[in-house]
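I have placed the structure first, in the form of structure tokens, so that the comments after it can refer back to it.
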Amino acid sequence: MALPPADLFDVRSLLTDEERAVQDTVARFVDERVLPIIGDCFEQARFPAELVPEIADMGLLGSSLPEEYGCAGLNGVSYGLICQELERGDSGLRSFVSVQSSLCMYPIYAYGTEEQRQQYLPGMARGEIIGCFGLTEPHGGSDPANMKTHAKKDGGDWVINGAKMWITNGNLAHIAIVWAQTDDGIQGFIVPTNTPGFTAQVVHKKMSLRASVTSALFLDNVRVPDSQRLPNVKGLKGPLGCLTQARYGITWGPIGAAIACYTEALNYAKERILFNRPIAATQAVQIKLAEMARRITQAQLLVLQLGRLKDAGKMQPAQVSMAKWNNCRIALDIAREARDILGGAGITTEYCPIRHALNLESVITYEGTETVHQLVIGREVTGISAF
Ligand code: TGC
Ligand code: FAD
């Protein structure tokens, strides 16, 4: 029997019944609700906000957090599969879920008070409260330790001033998780976006992640009570701990984009007749397709082991860096190669590779650029920081 082209090593057989059910549910949603509209959304630079209630109903927001907060309580592998299937649709949709789940709900859960958890998490799981995560600043995102945004204590309040750049969901959000320097190190604040002095401005002219909202945030004497501070973490390890969760999801997501591009190129190559034979019958195209299958298979095995380590409580940030680097790279290369196999047709959004390739230019940059992750591995193996 022929092997399934996008799962040559039967990695799916290594999943539990529950994990397979999660993957199938999200896959159906993507096929039926996302793929028919996403090309147009990308062209129109429109985030499909109408899908958020369905995403929430499926339990995809904060899916790994406990049920007592209205979340699905799924394991890490299931979260990975959710990211993979959503990104098979579009990186923008996966971004929305990554930010809400790993960058906003996770810090409230991990660093917040019980009161903050009760106040925000159930509404966020229902998609009624949308969050954004403000770490990056205009002067350079790779080095967040050099943060300029600061919060000053004033009686029982904090007064926050500064600016954040490239913030996913910024103009959709009801709350922003804002990281700021204080006299006591970097701290996180839950800032309602209707607080006086807070403004969000959409970033226009993007050629990537066009079906996602990206914003600049400005904080001008934004005053919040101490009860909005996340009290259980101080220092850069607070935001970096959130990034480990989000980057983990991003190790899985680009596999979905790669599978979408590879599948489209494979089908096209079998039907495109040139020189009296399908281009799939040429050695040059077969080698390209075989190379895509090889790299997808490696990526699938890498993330499954990473997910099993995560679920066993043993996952290390450097392992996440290696998988984020590898899987963004393979997906971007596959998307560009698939675009080539489609010839001129590949430059339109009638086919997915150009959209995925453009999106993946962001995915390989955000949550730590490829170089940052390479240097994390370099530091891990040499013991010397070369940043
Ligand atoms: P360094 O000295 O390495 O670490 C400072 C403290 O943090 C701890 N730590 C981590 N903790 C958890 N997870 C990690 N991945 C961690 N990495 C480090 C570390 O143990 C230390 O703790 P302590 O207790 O000793 O203080 O810090 P560094 O200044 O040398 O920085 C290292 C570097 C360059 C790796 C870091 O700054 C970095 O990762 N830079 C990249 C920044 C980044 O990824 N920004 C992403 C912004 S958010 C985003 O892009 C969202 S897009 C979402 C979407 O739309 O999907
Ligand atoms: P820089 O840090 O200025 O890097 C420029 C170049 O220098 C890169 O090639 C980098 O690899 C290289 N470089 C950096 N340091 C070194 C070094 N030591 N040695 C060699 N080369 C180096 N941020 C958030 O906080 N929240 C969000 O929701 C969010 N969403 C995003 C959405 C999109 C669409 C995009 C594009 C970005 C988003 N970001 C977000 C920001 C993202 O995390 C940053 O773009 C990223 O961390 C890189 O920062 P930078 O763009 O300032 O590039």
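Residue numbers start at 1 and run along the sequence shown. For ligands, and for the atoms within them, numbers begin at 1 and follow the listed sequence. Given the structure is predicted, the values throughout are model-derived calculations rather than measurements. Hydrogens, waters and symmetry mates play no part in the numbers below; they use all other heavy atoms, side chains included.
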Atoms of ligand 1, numbered as shown, that sit under 4.0 Å from any heavy atom of [X]:
X	value
R94	56 (O)
G141	42 (C)
G368	43 (C), 44 (O)
T136	47 (C)
L236	27 (O), 29 (O)

Please compare [options] and report which has the shortest non-hydrogen distance to [atom].
atom	options	result
atom 13 (N) of ligand 1	L103, L209, T244	T244
atom 34 (C) of ligand 2	V203, L209, N169	L209
atom 41 (C) of ligand 1	G241, S142, C132, S385	S142

Tell me which protein heavy atom sits closest to [atom], plus the residue, atom name and distance to 0.1 Å.
atom	result
atom 24 (C) of ligand 2	T136 OG1, 3.3 Å
atom 1 (P) of ligand 2	S142 OG, 3.7 Å
atom 31 (C) of ligand 2	W166 O, 2.9 Å
atom 10 (C) of ligand 2	T369 OG1, 3.6 Å
atom 22 (C) of ligand 2	T371 CG2, 4.2 Å
atom 3 (O) of ligand 2	G140 CA, 4.1 Å
atom 46 (C) of ligand 2	T365 O, 3.5 Å
atom 52 (O) of ligand 2	G141 N, 2.6 Å

Within ligand 2, which atoms have a heavy atom of I167 less than 4.0 Å away?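 Selected atoms, number and element: 24 (C), 25 (O), 26 (N), 27 (C), 28 (O).
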Contact atoms of ligand 2, heavy-atom distance to E367 under 4.0 Å: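 So the answer, numbered in order with elements, is 43 (O).
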So, is [X] polar-close to ligand 2, with some N/O to N/O distance under 3.5 Å?
X	result
F133	yes
S362	no
L135	yes

So that I can tick it off, tell me whether K206 and E361 are bridged by a salt bridge, with the cut-off set at under 4.0 angstrom between side-chain N and carboxylate O.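 Salt bridge between E361 and K206, a charged N being under 4.0 Å from a carboxylate O: no.
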Can you find an N or O of P144 that's nearer than 3.5 Å to an N or O of ligand 1?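 Looking only at distances, the answer is no, because the N/O contact criterion of under 3.5 Å is not met.
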Would you check whether L375 reaches within less than 4.0 Å of ligand 2, judged by its heavy atoms?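 The answer is yes, since L375 has a heavy atom less than 4.0 Å from ligand 2.
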In terms of side-chain heavy atoms, does E18 have a donor or acceptor partner in S78 at a distance below 3.5 Å?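 No, because no side-chain N or O of E18 sits under 3.5 Å from a partner of the opposite role on S78.
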With a 4.5 Å heavy-atom cut-off, do C104 and V99 have their side chains touching?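 The answer is yes, as the side chains (C-beta and beyond) meet within the 4.5 Å cut-off.
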